Structures are given as C-alpha cells and as structure tokens.
2 protein chains.
Amino acid sequence: MSEKKTRRRGAALEAAILKVAWDQLQAQGYQALTIEGVAAGAATTKTVLYRRWPDKAHLVIATIRKFGNLVSYQVPDTGTFRGDLLDLFGQLASVLDTLKGETFRGLLSDRLKQVKFDQILDRLNNDNALASYVQPILDHAAARGEISQARWPERVVNLPGILLLNEIFSRRELTLAAQTAMVDEILLPVFSVKQ
Amino acid sequence: MSEKKTRRRGAALEAAILKVAWDQLQAQGYQALTIEGVAAGAATTKTVLYRRWPDKAHLVIATIRKFGNLVSYQVPDTGTFRGDLLDLFGQLASVLDTLKGETFRGLLSDRLKQVKFDQILDRLNNDNALASYVQPILDHAAARGEISQARWPERVVNLPGILLLNEIFSRRELTLAAQTAMVDEILLPVFSVKQ
DNA sequence: GAACATAAGATACGGCCGTATCTAATTAAT
DNA sequence: ATTAATTAGATACGGCCGTATCTTATGTTC
C-alpha cells in the first residue's frame with residue numbers, strides 16, 4: 001500500500017470537498033450532515049473547510065450551486081397568465097425534486113438564524129431571485145391585457161415565493177394540486193383576474 | 001453566610017427556572033440563551049431542565065406562555081371586513097412587541113428543524129391558532145355581505161398567517177404600513193372585495 | 001535552485017448539546 | 001417512624017461547533 005504524497009490544493013481540493021458534501025447530503029440529508037463529517041470524508045480537516053465557508057449553510061449552498069440543477073429556468077410562455085404561473089411552479093417543483101425536501105427546509109432554517117444586519121441584503125438577493133422569475137410573466141400578461149399593469153407592489157411580486165416557502169414547510173412537498181390551488185385561489189384573485 | 005439546605009421541587013423549581021429563562025431571554029435574546037446558562041442561573045443543572053423540556057425551543061415556548069401576554073386576543077368587531085383584518089394584524093403586532101423580533105425568528109427557525117412527522121400535528125396546532133382568529137372575521141364579513149361566503153380553502157384562511165411570518169422574517173418587524181399593504185394589496189383582492 | 005509566500009494539514013481548546021449514571025434529599029405510603 | 005418511591009443534583013461522556021496555533025508541503029519569484 002502506498003502512502004499518499006500529493007497534497008491537493010485550491011480548486012481541486014475544493015471540488016473534492018464539494019463532491020463529498022453532495023454525496024453526504026443526498027445520503028443523509030441536511031440535518032445529519034456535519035462539517036467534520038465532510039472533512040473526514042474528503043480526507044482533510046475542518047480547518048480547510050472553515051477557510052472557505054463560514055458554516056454548514058454556506059457549504060451546502062455552494063454544493064447545491066455546483067451539483068443541483070438550479071440554473072435552468074426558462075421563462076414560461078404558454079400564452080396565458082394562468083398557464084405561465086403554473087409553469088413557474090412546475091419548474092420550481094422539479095428543482096426541489098433534485099433536493100430532498102428536508103434539505104431545503106434545513107437550509108432555510110439555518111439561514112433564518114443569521115438574518116440580522118444582512119436583512120436587506122438577504123431580501124435583495126434571495127427574494128429578487130424569484131421575483132425576477134415572476135416579473136417577465138407579469139410583463140407578458142400585461143402586454144396581453146390579462147392584468148391591468150405590469151408593475152405591482154413588492155409584496156405582491158414576492159407572493160409566489162412566499163406561498164412556495166409555506167408549501168415546503170408545512171407539507172414538505174409541492175404537489176400539482178397545491179400548485180393549482182395557489183394559482184387559482186390566491187394569485188389570480190390578487191391580480192384581479194376573473195375566472 | 002448560610003448554606004441553602006432546602007431543595008426546590010416540582011412547581012416551585014419549575015417556576016424559578018422559567019423566571020431565569022425569561023430574564024435571560026429579554027437580556028440576551030434567543031440565540032444567546034443556552035440550556036446550561038439557564039440551569040446555572042437557576043442554580044440547578046441541565047439534567048433537571050431536560051427532564052421537563054426536550055430542547056431550547058420548548059423551554060422558551062413554556063417561558064413565553066408564562067410571562068408573555070399572548071392570550072388576550074379579542075375577536076375584532078369594527079364593522080367592516082377591512083377594519084377587522086387591520087385590527088387582527090394590530091393585535092398581533094402588539095404581541096410581538098413584548099417579544100424581541102429575534103426571539104420569534106430564532107424560535108421558529110429552531111422549530112422548523114424538527115418538523116418531520118409532526119407536520120400534520122404542527123399544522124393543526126400552530127396554524128389553526130391563527131386560522132381560528134381569522135374564521136370569526138370571515139363569518140362576520142359574510143353575514144354583512146362583504147364577502148361571498150364564510151368558508152374558504154385552507155390556504156386562503158392561512159394566508160394572513162403566512163404573510164405575517166414573511167413580514168417577521170424579512171423585515172424583523174410588523175409596521176403599520178406593512179399591515180395596511182398586506183390587507184389592501186393581497187387579502188382584500190383574494191376575498192374579492194372591491195376597493 | 002534557493003528563498004519566500006501561500007495554503008494544507010494536524011492538533012488542541014473551550015463551549016454547548018443531549019444522554020447516562022450515580023447520590024442524596026424530599027415526599028408519600030404503610 | 002420506618003420504608004419505599006420520586007425527583008433533584010452532581011458528574012462524566014461523546015459529539016459537533018468554531019477558533020487558534022503550529023508544522024509541513026507546495027507554489028512562485030528572483
């Protein structure tokens with residue numbers, strides 16, 4: 001048996017760590033994943049991890065960014081406002097399927113602890129991610145005349161995201177029935193769309 | 001100086017612990033409060049605390065139940081649906097003022113971690129607490145003819161609670177402007193109330 | 001290729017968690 | 001009153017966190 005002599009550095013080391021983190025995330029879920037466990041799995045030490053990520057939440061975010069299929073959002077264009085909203089939720093549901101529901105909840109729970117002075121920052125970063133998905137849909141609907149205007153208050157634009165979060169928390173999944181209910185019972189009325 | 005010889009038991013001991021927990025919660029906030037710290041402050045050991053509460057979240061809940069003014073909800077009766085909704089949010093805001101915003105967020109964050117099989121249970125307990133506040137308001141509004149019916153889908157009835165949570169998380173507080181916006185921009189449209 | 005800078009890796013620390021085990025005090029039962 | 005059942009209190013453990021310190025390997029630079 002040969003002793004390892006090469007010492008990984010930089011990007012190569014980081015990639016190896018993230019791979020282990022992703023595997024453990026899939027195998028054990030968010031709660032059970034520990035910094036020390038990932039370090040051990042990657043045959044390094046937690047010192048190395050703490051040099052890169054401040055805590056578990058950030059490590060997992062980096063892992064998901066690398067291995068999750070999160071970046072493939074396509075602006076829906078079904079021809080109707082309702083169809084576009086359903087398509088938006090459908091795409092989000094398929095993303096969440098690649099993660100386990102527990103991962104998303106655990107991650108968000110961890111992050112909630114830290115929202116203090118980064119509130120505004122957090123608001124701008126996270127929420128606008130989803131708001132930026134919603135805005136084009138509103139633009140199209142307004143152009144078609146389905147809704148009265150394209151610009152809506154921040155809370156209204158963020159509403160799909162809020163409903164989504166609630167769904168994940170309380171039900172752990174995002175069923176088709178739930179998607180339809182959210183669109184028909186809440187979103188369409190808020191935008192004053194007659195059904 | 002006299003050594004303490006009496007050993008507190010049962011309710012007396014529990015009351016002493018909760019008092020210390022409440023003081024530390026006010027002084028340090030949720031994050032900084034620790035089981036060991038409360039035990040030390042109450043001149044006992046964490047074994048005693050763990051016999052009573054499974055974790056920090058439950059200890060704090062018990063503390064708030066005892067010292068917070070949470071139980072004084074009065075069903076609003078302002079004469080209008082809009083007025084009742086605003087009154088509901090107003091009452092909630094005053095409750096949250098007795099807690100620090102951080103306490104509520106920290107507590108909820110901790111609880112989110114544990115929602116697994118107790119999801120349904122959790123749903124019934126927590127959400128229905130707020131839904132039970134909302135339902136009388138809907139009954140009154142329907143009786144006055146302001147809304148078309150008193151029975152609405154679960155998601156709709158829970159919507160005020162969801163909006164409230166989002167407000168606490170993203171803004172740390174519940175301003176009057178936010179309350180008005182939630183009512184006028186979201187809730188009234190959802191219930192199809194013309195403005 | 002020698003000297004320097006950088007980053008990995010090893011180790012140890014104090015803090016808190018949650019559990020287990022043992023003792024000693026208090027209360028209740030006979 | 002003596003005995004039995006509870007429950008408080010003390011102590012110790014392994015686990016993980018996040019930080020600090022030190023050594024050692026790998027580069028980069030001249």
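Only this structure's heavy atoms are used, side chains among them; waters, hydrogens and symmetry mates stay out. Lettering of chains follows the sequences in order, A, B, ..., and the numbering in each one begins at 1. Just so it is clear, the model here is predicted, and its values are computed rather than measured.
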Fill in: Backbone N/O of A/Gln74 and side chain of A/Gln91: donor-acceptor pair under 3.5 Å
yes

Worksheet, complete the sentence: Taken to the nearest whole Å, CG/A/Leu49 to C1'/C/dA7 is 14 Å

Nucleotides 11-16 of chain D: which of its N/O atoms have a protein N/O under 3.5 Å away?
| residue | atom | partner | partner atom | Å |
| --- | --- | --- | --- | --- |
| D/dT11 | O4 | B/Thr47 | OG1 | 3.3 |

Worksheet item: Rounded to whole angstroms, how far apart are CD1 on B/Ile17 and P on D/dT7?
Response: 14 Å

Fill in: Spatial distance of atom CD1 (A/Ile64) from atom CG (A/Leu18) [nearest 0.5 Å]
11.0 Å

Worksheet entry | Listed nucleotide nearest any side-chain atom of B/Asp55, set C/dG18, C/dT6, D/dG9 | C/dG18

Practice prompt. Starting from P on D/dA10, measure out to CZ on B/Arg8 and report it in whole angstrom.
Written response: 10 Å

Discussion item. Is it the case that the side chain of A/Gln135 and the backbone of A/Arg151 share a donor-acceptor pair, with hydrogens and angles ignored and the cut-off at 3.5 Å?
Written reply: no

Discussion item. Tell me the interatomic distance from A/Arg7, atom CZ, to D/dT24, atom P, rounded to whole angstroms.
Written reply: 10 Å

Discussion item. Could you check whether A/Arg82 pairs with A/Glu146 (Lys NZ or Arg NE/NH1/NH2 to Asp/Glu carboxylate O, under 4.0 Å)?
Written reply: no

Worksheet item: Near A/Arg65 CZ, under 6.0 Å, is it more than 12 heavy atoms from other residues, nucleotides or ligands?
Response: no

Response to the item:
Ranking B/Arg51 and A/Arg9 by the position along DNA chain C of their nearest nucleotide, the one closer to 5' is A/Arg9

Item to complete: Would you mind telling me which of C/dG9, D/dG9, D/dC17 lies closest to the side-chain atoms of A/Tyr50?
Response: D/dC17

Worksheet item: Between A/Tyr73 and A/Leu88, is any pair of side-chain heavy atoms under 4.5 Å apart?
Response: yes

Worksheet item: Between D/dC17 atom P and A/Trp53 atom CH2, what is the distance in whole Å?
Response: 14 Å

Worksheet item: Between A/Arg52 (CZ) and C/dA7 (P), how many Å, whole number?
Response: 9 Å

Item to complete: Look at all strands and tell whether B/Gly10 reaches a base, only sugar-phosphate, or nothing, counting heavy atoms closer than 4.0 Å.
Response: sugar-phosphate

